[in-house]
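Only one structure is covered here, and it is reproduced in the block below.
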Number of protein chains: 2
Amino acid sequence: MKLDVTDRKILKLLQQDGRLSNAEIAEQVALSPSPCLRRLRRLEQEGIIEGYQTQLNRQKIDLGMTVFVQIKMHDHHAASVKNFEQAIHGMDAVITASTVSGSADYLLEVVASDLEDYDRVVSKLQELKMVREIESNFALRRVKTAAPLPLKRLSD
Amino acid sequence: MKLDVTDRKILKLLQQDGRLSNAEIAEQVALSPSPCLRRLRRLEQEGIIEGYQTQLNRQKIDLGMTVFVQIKMHDHHAASVKNFEQAIHGMDAVITASTVSGSADYLLEVVASDLEDYDRVVSKLQELKMVREIESNFALRRVKTAAPLPLKRLSD
DNA sequence: GATGAAAGTTTCGTCCT
DNA sequence: AGGACGAAACTTTCATC
């Protein structure tokens, strides 16, 4: 599915402010509200827009600690993978998780209030039998946070 | 600043859908629109809500490749740190960056269309004189993506 | 794609409890 | 604090060009 310059402008604006009204978007992309809304709905229906989210300040909701956790598994049998990923989905302190290339199998991003809180998360991970090794890398300072995805400027 | 149960309900709802209208939020937290809007504005003004964002499908905007990049620096002099972080801010393929504990100094999340595109990013990083070592870990599959932050259920 | 009209919502200030 | 009212703005659909 193709995105023209106007679509990309709309997406760029919405990444910066997900609550922009259609009227405001229309004005900024130099369209009248009707066609602008048609584009917006199309972007939503095609799944290009997956959803709208609210960014919270982690410090202020007492989740000031972010830890990147590398997990190595004992094996990669289907059952182990399934059980591990199920466990991950059930742990709400784990906010992102990916399988990765390299020496680790999974990279998780975990939030916690403090070390004690974090320790509880690690303990849960250690209890999982398919987990062989856990390495915790604490985020000391966030240099860049949730920057917008760069939309290519080319090709109409 | 204290968050009561209603505040947390509002934040939970808004994390799930950042475009909820005040009227909809009010209904779901069993408040009338007026006090609900007052709470929302307070959450925004106190900085607990940092902003509203739109989630895009990376595949569909041709950014299907995500790479976690660990960077080791030659030194940690103020000038090196400043220049490096400035460079990071200027690279829009780098969507998140943190300093981390452990053997690496920085952990970056980089998006790209494909390997060729990613290679351009790495080349730019390699050109930075304060960078000593770069390790790329490719995200093979995302198991959990941008899950909402877990708000404690306790303490009114 | 633009425009305009009309009905329904939403926001937000004000006033009341 | 929460709730109610009202004015202005916004959304959305529809018909039309």
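Basis for what follows: all heavy atoms, side chains included, without hydrogens, waters or symmetry-related copies.
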Does the side chain of B:R42 reach to within under 4.5 Å of the side chain of B:D7, using non-hydrogen atoms? yes
Close side-chain approach of B:D117 to B:D62, heavy-atom, < 4.5 Å: no
With a 3.5 Å cut-off and just heavy-atom distances, do the side chain of B:R38 and the base of D:dG3 make a donor-acceptor pair? yes
Distance check needed: C:dT9 P versus B:R19 CZ, whole Å only. 18 Å
Quiz question: going by heavy-atom distance under 3.5 Å, is there a donor-acceptor pair between the base of C:dA2 and the side chain of A:S34? no
At less than 4.0 Å, is any side-chain N or O atom of B:S21 found next to OP1 or OP2 of C:dT10? Yes or no. yes
Kindly point out which of C:dT10, C:dT3, D:dT11 is positioned nearest to the side chain of B:E24? C:dT10
Which nucleotide sits closest to the side chain of B:R41: C:dA2, D:dG3, C:dT11? C:dT11
Whole angstrom value for the distance that separates P of D:dC10 from CD of A:Q28: 13 Å
Starting from P on C:dT3, measure out to CG on A:L31 and report it in whole angstrom. 10 Å
Whole angstrom value for the distance that separates P of D:dA1 from CG of B:L3: 12 Å
In whole Å, what is the span from the CG atom of A:L37 to the P atom of D:dC10? 15 Å
Under 4.0 Å between any heavy atoms, over every strand shown, what does B:R42 touch: base, sugar-phosphate, or nothing? Just pick one. nothing
B:L107-B:M130 co-clustered via ILVMFWY side chain contacts under 4.5 Å: no
Quickly work out the A:R39 CZ to D:dT11 P distance and round it to whole Å. 18 Å
To the nearest Å, how far apart are B:N22 CG and D:dA9 P? 19 Å
Can you confirm if the aromatic rings of B:F138 and B:Y118 lie within a centre distance of less than 6.0 Å? yes
